[in-house]
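Treat the numbers as computed from the prediction; the structure is a model and nothing was measured.
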Amino acid sequence: MNKYEVARVLSSIGLLLELKGESFFKAKAYYDAARTVEMLDEDIETVVYENRLGQLRGFGQALTSKVTELVTTGKMAYYERLQKTVPPGLIEMTKIPGLGAKRIRTIYESLGISTIDELKKACLDNRIASLKNFGRSMQQNILNGIENLDKIKNRFLYVRAEELAADILKDLKDGARVTAEVVGSLRRKTEIVSDIDIIAMLPGDTGSGEILDLFTGHRFVSEVVSTDDFKSSVVLANGMRCDLRMVSDSRYPYALYYFTGSRGHNKAMARLAEQKGLRIDESGLYRGDCRINISDEAEIFDLLGLQYIPPELRENTGEIEAALRSELPELVTGSDIRGILHVHTNYSDGTDSIEKLADYCVKEGYEYIGICDHSKSAHYAGGLSVEDIKRQHEEIDLLNEKYCSCSFRILKGIEVDILPDGSLDYDDDVLEWFDFVIASVHSSFRMDGDKMTRRVLTALENPHVNILGHPTGRLLLAREPYSIDIGAVLKKAAEKNVIIEINANPHRLDLDWRFCRPAKQSGCMFAINPDAHRSEEIDEIRFGLNVARKGWLTARDIVNTLGVREIMGLFREKRGI
DNA sequence: GCCGTTTTCGGCCCGACTGTTTTCAGTCG
């Protein structure tokens, strides 16, 4: 059992205790313990077997014996008992904004409501508004929250779909030695997907039976919706739909093409084919009744007189016109990225030391890492006091001496809060200490649009700000972007040479790819940042690359494709140093 | 539930905000 699994159980106990109305501090003890475990630099099993759990801060007798039981037996009796005393519907309710443990408990205890369906009905019957400290407005907010939950029911984060699809695809390829690929929105790398579509090439000599058996019998499958000789549709354990379609080798490239494109892209391609006296559909490209034989998908674009259009661009946003003129951009790739910016350490809410994060970047072949912990107002995230900053900078200086021999560099950065009035969370004389500054909004999200826009524009005026962090604050499937005039923000950023972050955290993917081209047209530069809170999350930069590619960006648009000297020069120049 | 002591029990993170109230309760980051 790894440390993250243990941490999950401990956090879950914290939530259950809150829902039961136990002392918040008792719950907090479990949350704190979860975090301590997550931050362990070594294997939790080693710590347990060497009886060193009790030496960890926040681990007394109770936690030591409970976590020992969990790690050695895979179970914790206390957790299992606790789960039985709290209806699962109450845990679901914590997803409704504005409903915390106390309100959920009030609803449960005074009205006996234990599921979201019952809660919805109670709202419609006006029974919630009459509870003490609730009221009509709160009742309406709960209803809105439930509606939003319904809306996202069959929508999933790209990252989750990608993991599942990769596993299914691997099993099909390994088990049936079949050529197969993921298509649809997942291949176009959209941030939210509703299902997984897979195309497989029918083996010439055998039937489709073996592939279908592997597919419908996959361990992720919870229900087989339909199956015939060439198609199967299943529902996976997380509720996601997954479709497999099998086609002959001659139709395979066409199926790959057809089931990848967005509807708009396919329609536009069909119109183009028509203009050229051809016809295209999922089965092939036809001249009259005669299908043109091809061996791979790229030939389709050739035959239509187009530059190859990468799947990410097939959204019908001008890619066909650009491909006709051979003006598609050369999209940025992972190998263009030379350095990593925006990484949190255990000085604030990250779990790893600066050294561990830096070592990870060295191993991955990056040339620099920009450390950016939270600023002092971010109490919840252990934001850095001025003394903490001094301590961290001393440590970075020492580490940089160590990395000097391998030409790796740690940059001193900060993710400074943009306060509600647009000022920054440190004085200018403190901001001067950093190599670069990311400014982000982390509080008062519900300001009206004018106020929020003014707030961010004011922050962009500060000469110390190099990068605007997660510019719209959205959390995919969880929180809408804050109300802001993004056009005005991008214009001001371009004017003040402030780089726009493409936050690569799969829950954020902010800036949205749809804004990348307008931002570039305004004159903005971009940084693809992982916003990592532990070393492995540095790899999440690939999700940011998806955004940049979907946004038509090239390596020249991205500042962290620069070497360390060039990027330091850029940061200094902007700040007039 | 843990910690640090006053070795037996009080304190544990906090400020902004929302919505409820009419001075406060609960949520959120």
*Take atom P in B/dC28 and the same atom in B/dT20, then report the distance between them in whole Å.*
15 Å
*Just how far, in rounded Å, is P of B/dG15 from NZ of A/K376?*
13 Å
*A/L475 CG to B/dC28 P: how many Å, rounded?*
13 Å
*Face-on cation placement of A/R455 at A/Y482 ring, 6.0 Å and 45° thresholds*: no
_Say we look at B/dT5 and B/dC12: how far apart would their C1' atoms be, to the nearest angstrom?_
14 Å
*Would you name the heavy atoms of A/H374 and A/A381 that are closest together and state the gap between them?*
CD2-CB, 3.5 Å
For nucleotides 1-5 of chain B, tabulate all protein N/O to nucleotide N/O atom pairs closer than 3.5 Å, reporting atom names and distance.
unit_1	atom_1	unit_2	atom_2	d
B/dG1	OP1	A/Y30	OH	3.2
B/dG1	OP1	A/K66	NZ	3.1
B/dG1	OP2	A/K26	NZ	3.2
B/dC2	OP1	A/G60	N	2.8
B/dC2	OP1	A/G60	O	3.3
B/dC2	OP1	A/A62	N	3.4
B/dC2	OP1	A/L63	N	3.1
B/dC3	OP1	A/G58	N	3.0

*Determine the Euclidean distance between corresponding P atoms of B/dT22 and B/dA16; express it in Å to zero decimal places.*
24 Å
*Choose from B/dT20, B/dG26, B/dG29 the nucleotide whose nearest atom is closest to any side-chain atom of A/M138.*
B/dT20
_Euclidean distance, atom CD of residue A/E415 to atom P of B/dG29 [Å, nearest integer]_ = 15 Å
*Proximal nucleotide (of B/dG26, B/dG19, B/dC13) relative to the A/K28 side chain*: B/dC13
_For the NZ atom on A/K376, are there more than 12 heavy atoms of other groups (residues, nucleotides or ligands in this structure) within a distance under 6.0 Å?_
yes
_Heavy atoms from C-beta onward define the side chain here; which of B/dG29, B/dA25, B/dC17 lies closest to that of A/N133?_
B/dA25
*Could you tell me which nucleotide pairs with B/dT8 by Watson-Crick or G-U wobble geometry, both distances under 3.5 Å, or answer none if nothing does?*
none
*Taking atom P in both B/dT23 and B/dG29, what distance in whole Å separates the two?*
30 Å
*A/S440 and A/G469: which non-hydrogen atoms are nearest, and at how many Å?*
OG-CA, 3.4 Å
*Measure from CZ on A/F24 to C1' on B/dG26 and round the result to the nearest Å.*
12 Å
*Send over the distance from A/Y31 OH to B/dC12 C1', rounded to a whole Å.*
15 Å
*Integer angstrom distance from the C1' of B/dT7 to that of B/dC2*: 15 Å
_Closest non-hydrogen atom pair between A/L53 and A/T64, with its separation_ = CD2-O, 3.7 Å
*What integer number of Å spans the C1' atoms of B/dG11 and B/dT6?*
14 Å
*Name the nucleic acid region contacted by A/D32, choosing base, sugar-phosphate or nothing; use a 4.0 angstrom heavy-atom cut-off, strictly under.*
nothing
_Taking the cut-offs as 6.0 angstrom to the six-membered ring centre and 45 degrees off its axis, would you call A/K363 and A/Y360 a cation-pi pair?_
yes
*To the nearest Å, how far apart are A/M93 CE and B/dT27 C1'?*
17 Å
*Base, sugar-phosphate, or nothing: which does A/A33 touch, judged by heavy atoms less than 4.0 Å apart?*
nothing
*Rounding to a whole Å, what distance do you find between A/K132:NZ and B/dT23:C1'?*
11 Å
*When we call it a touch if two heavy atoms are under 4.0 Å apart, what does A/S443 touch: a base, just sugar-phosphate, or nothing?*
nothing
*Using atom C1' of each nucleotide, how far apart are B/dT18 and B/dG10 to the nearest Å?*
31 Å
*From B/dT27, B/dG29, B/dT20, pick the nucleotide closest to the side chain of A/S137?*
B/dT20
_Within the 4.0 Å heavy-atom criterion, would you say A/R105 contacts the bases, only the backbone, or no part of the nucleic acid?_
nothing
*Quickly work out the A/Y482 OH to B/dG29 P distance and round it to whole Å.*
13 Å
*Could you work out the separation of B/dT21 and B/dG26 based on their P atoms and round it to a whole Å?*
12 Å
*Grab the two heavy atoms, one from A/V547 and one from A/D512, that are nearest each other, plus how far apart they are.*
CG1-C, 4.3 Å
